[in-house]
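Following: one structure in structure tokens, then a few remarks.
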Amino acid sequence: MRNAEIADAFTELADRLAIIDPKPYRWMAYRKAADTFRDLGDSVAVLSDEGRLGEVEGVGPAIEEKVRDLLASGTFKALERAREDVPDTLLALTRLPGVGPATAKKVHAALDGESFASLTARAAAGTLEVGDGITRKIIDALAAAHAASAANDGDGGGAASASGIPLDDAGAPIRGPWFRRDQVLSIAGMLEELLPTTVRAPRPSGAYVRGAELVRELCVLAEADDPVAAADEVRECLAARGWEHADDGAPLERLAGLAAEQAATLQLVSPAGIPVELVIADDASVELVEHRFAGPAAWAAREPKPPARGRRIPFELRERVLAGELDPKDVPKDLVTAAHMRGELHAHSDWSDGRAPIIDMARAARARGDEFFAVCDHSAPYAMVNGLDPARLQAQADEIASANEQLQREHEEAGEPLLRVLRGTELEILADGSLGLPDSALEQLDWVVASIHVQQRQSAAAIIERMRRVMENPLVDAIGHPTSRRMLVRDRTALDVEQLIAMAVEHAVILEVNANPDRLDLDSDQARMALAAGVRLTINTDAHRPSTLALRDHGVAVARRAGARVGDVVNCLPAEELLAGRRRNR
DNA sequence: GCCGTTTTCGGCCCGACTGTTTTCAGTCG
């Protein structure tokens with residue numbers, strides 16, 4: 001069993017217990033253990049077998065035993081009990097905005113076993129009455145959940161919001177189910193482990209490699225000497241691991257005309273229910289298959305064979321070319337790539353709500369090839385995440401200085417590449433547009449990214465006024481996750497992005513493409529508008545732990561879809577140049 | 001539940017807004 005699956009079991013346990021357990025520290029311990037498992041470099045299953053799981057931070061005898069049971073039987077008693085005590089309907093109710101455990105329990109108690117799907121359907125149809133703890137606000141939230149889930153999966157129990165779901169020409173959400181990029185990528189990793197050795201080099205394809213922010217299925221391309229025989233082998237070994245195959249080799253539209261000997265197609269469903277299209281190509285056909293499989297279907301029709309290398313349109317720009325928004329001869333030659341990125345300009349440490357010390361984050365960034373790393377912990381007065389006030393920010397400077405000394409030693413003595421840790425902040429933008437730190441504190445910093453976390457439901461006028469005040473301060477370098485959307489979870493603020501872009505031009509403020517697949521904010525359309533207006537971008541992971549530094553690729557994909565060149569992205573500058581070019585130095 | 005230790009139990013995660021069971025519990029970030 002993979003670490004992620006074990007982590008999911010403890011997250012589920014914590015989520016359910018959080019609703020009924022008056023003692024928060026127990027389920028908080030489960031949640032902490034889940035996070036630790038998800039991020040652990042070693043296999044939880046192996047550590048458990050070796051009896052060494054107790055050595056892991058946050059794992060004591062009780063959790064160790066639960067993991068043992070989980071590995072042996074696929075579940076454990078506490079989880080089963082939580083599933084009985086907290087039914088799915090109750091759990092779903094608490095995920096409505098504005099509804100917490102207390103309200104959910106009151107509503108659920110009056111329900112008489114009605115499912116969440118039925119409840120949301122009645123709310124949407126207008127046949128749900130106020131009463132029995134059900135307020136007008138709850139009915140509205142249920143109706144919104146119904147609309148979101150209709151867009152996302154149609155089964156009535158899905159996403160809390162349609163945030164991020166693409167719209168059709170008529171402006172209606174395109175029917176899902178939709179999945180985040182990290183969700184499908186983890187499936188790709190799982191698949192890679194399961195495939196027989198005759199199947200080589202599995203890699204994502206389809207909408208994922210076109211930089212789509214949400215996808216409806218995972219496309220995986222792999223290679224084998226004999227695709228037909230390999231497909232049979234795959235079918236057999238995946239069936240044994242709980243994967244279903246929906247269809248045998250039904251040809252995909254964009255692969256029409258290819259012989260089965262060239263490309264065998266398997267339509268699979270992962271154990272978590274995510275559809276996977278696996279195409280296995282032989283050596284002679286793989287280039288052609290990759291060209292067509294990346295899609296969309298209209299591209300394969302327009303260009304059935306891959307052109308010479310120098311004339312290829314990057315996958316991420318195909319849809320814009322098809323839409324007539326981009327002339328093939330105007331496709332930039334210097335589109336940004338992950339390899340161009342020199343550093344991270346928005347990530348956290350354990351000084352605020354991050355999980356790792358500064359030195360660990362810095363080493364992880366260095367291992368990924370970065371030259372600089374800006375520690376941007378939350379600022380005051382964001383208390384829940386332990387935001388730093390000027391005094392703590394000053395104290396953090398000492399730790400950053402010693403981290404830099406340590407990294408310098410590792411460079412000189414162990415031949416490690418040199419990485420420079422920069423002093424930064426994720427500065428809190430307050431409700432009236434004032435800032436969480438005084439200028440005297442900001443003046444000492446190398447990098448200031450300002451973000452909105454509180455009062456997200458303000459009117460468009462209030463939000464833009466807030467942004468205007470922030471941007472007028474020359475000590476602010478960039479705006480982080482400008483619209484504050486959470487993919488499939490929470491709608492964006494009422495921010496007028498066009499107006500924001502105009503102000504960014506006026507004040508030379510950099511806008512972030514937050515690379516976390518939970519955000520992807522700005523999105524590719526907004527980033528494209530920003531670039532067209534002459535705004536520079538910064539692509540950042542917003543990592544709270546070492547492993548999430550890997551999320552950068554999602555942000556790079558979105559920026560490429562927006563047509564960002566190397567020169568448009570400030571993370572591609574050497575640190576000295578980046579710092580010398582800040583607004584405050586102009 | 002875990003941790004650290006004062007080895008046996010107390011600390012761990014806070015402040016502000018919301019809305020109506022109208023004065024604070026519930027919810028959020």
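Proteins come first, then strands; the chains are lettered A, B, ... in the order of their sequence lines, and each starts at number 1.
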Return the polar atom pairs (N/O with N/O) between nucleotides 7-14 of chain B and the protein under 3.5 Å, or none.
none

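- The nearest whole Å value for the distance from the CD atom in Q458(A) to the C1' atom in dA16(B) is 13 Å.
- With the nearest nucleotide of DNA chain B identified for both A431(A) and V99(A), A431(A) has the one nearer the 5' end.
- Comparing dG1(B), dG19(B), dG29(B) by their nearest atom to the side chain of Y382(A) picks out dG29(B).
- Within the nucleic acid shown, R486(A) has no heavy atom closer than 4.0 Å to any nucleic acid atom.
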Problem - R136(A)/D140(A) under salt bridge (Lys or Arg N to Asp or Glu O under 4.0 Å): CA gap, chis, key distance, verdict - result: CA-CA 6 Å; R136(A) 172 46 48 190; D140(A) 292 346; 3.4 Å; yes
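- No hydrogens or angles considered: a donor-acceptor pair under 3.5 Å links the side chains of H348(A) and E426(A).
- Taking a pair to require two hydrogen-bonding distances under 3.5 Å in either a Watson-Crick or a G-U wobble arrangement, dT8(B) remains unpaired.
- Taking atom P in both dT8(B) and dC14(B), one finds a spacing of 27 Å when rounded to whole Å.
- Atom-to-atom, CD1 of I138(A) to C1' of dT18(B) comes out at 14 Å; the value is rounded to the nearest Å.
- Atom C1' of nucleotide dT27(B) and atom CZ of R95(A) are separated by 16 Å, given to the nearest angstrom.
- Scanning for ring pair (Phe, Tyr, Trp, His ring centres under 6.0 Å) contacts around F10(A) gives F37(A), F76(A), with sequence neighbours left out.
- At the heavy-atom level, P97(A) lies under 4.0 Å from the strands shown only through sugar-phosphate atoms.
- In this structure, E426(A) atom CD and dG29(B) atom P are separated by 15 Å, rounded to whole Å.
- Side-chain atoms of N571(A) come within 3.5 Å of backbone atoms of I539(A) as a donor-acceptor pair (strictly under, hydrogens ignored).
- Here the side chain of K66(A) is nearest to one of dG29(B), dG1(B), dT27(B), namely dG1(B).
- Here dG1(B) presents its P atom at 10 Å from CZ of F10(A), a figure rounded to the nearest Å.
- Nucleotides dG10(B) and dT5(B) are separated by 11 Å at their C1' atoms, to the nearest Å.
- Using a 4.0 Å heavy-atom distance criterion, P101(A) is classed as a sugar-phosphate-only contact.
- dG11(B) and dA16(B) are spaced 23 Å apart, taking the P atom of each and rounding to whole Å.
- The distance between atom CD1 of I452(A) and atom P of dA16(B), rounded to the nearest whole Å, is 18 Å.
- Under the 3.5 Å distance criterion, with hydrogens and angles disregarded, no donor-acceptor pair is assigned to the side chains of N386(A) and S352(A).
- No side-chain donor from either of S161(A) and R485(A) sits under 3.5 Å from a side-chain acceptor of the other.
- The aromatic rings of H378(A) and H453(A) stand perpendicular to each other, their planes meeting at an angle above 60°, with 30° marking the opposite boundary.
- Between the P atom of dT27(B) and the CG atom of L96(A) lies a distance of 11 Å, rounded to the nearest Å.
- In the model, E512(A) has a side-chain atom that pairs as donor or acceptor with a side-chain atom of H346(A) under 3.5 Å.
- Rounded to the nearest Å, the gap between the C1' atom of dC17(B) and that of dT22(B) is 16 Å.
- The side chain of A102(A) lies closest to dT27(B), out of dG29(B), dG1(B), dT27(B).
- Residues R469(A) and S434(A) form a side-chain contact, since some pair of their non-hydrogen atoms from C-beta on lies under 4.5 Å apart.
- Rounded to whole Å, atom C1' of dG15(B) lies 12 Å from atom CD of Q455(A).
- dG29(B) and dC13(B): their C1' atoms are spaced 12 Å apart (whole Å).
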Practice task
Go through the steps to decide whether M487(A) and R519(A) satisfy the test side-chain contact (heavy atoms from CB on, under 4.5 Å), and finish with yes or no.
Solution key: CA-CA 6 Å; M487(A) 210 71 92; R519(A) 293 191 182 270; over 6 Å; no
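- Rounded to whole Å, the P atom of dT20(B) lies 27 Å from the corresponding atom of dG15(B).
- An anti orientation is assigned to dT5(B), its glycosidic angle lying beyond 90° of 0.
- Side-chain atoms of H554(A) and R181(A) form a donor-acceptor pair, as typed in the model, at a separation below 3.5 Å.
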List every contact pair, protein side and nucleotides 2-6 of chain B side both N or O, where the distance is under 3.5 Å.
from: dC2(B); atom 1: OP1; to: G60(A); atom 2: N; distance (Å): 2.7
from: dC2(B); atom 1: OP1; to: G60(A); atom 2: O; distance (Å): 3.2
from: dC2(B); atom 1: OP1; to: I63(A); atom 2: N; distance (Å): 3.2
from: dC3(B); atom 1: OP1; to: G58(A); atom 2: N; distance (Å): 2.8

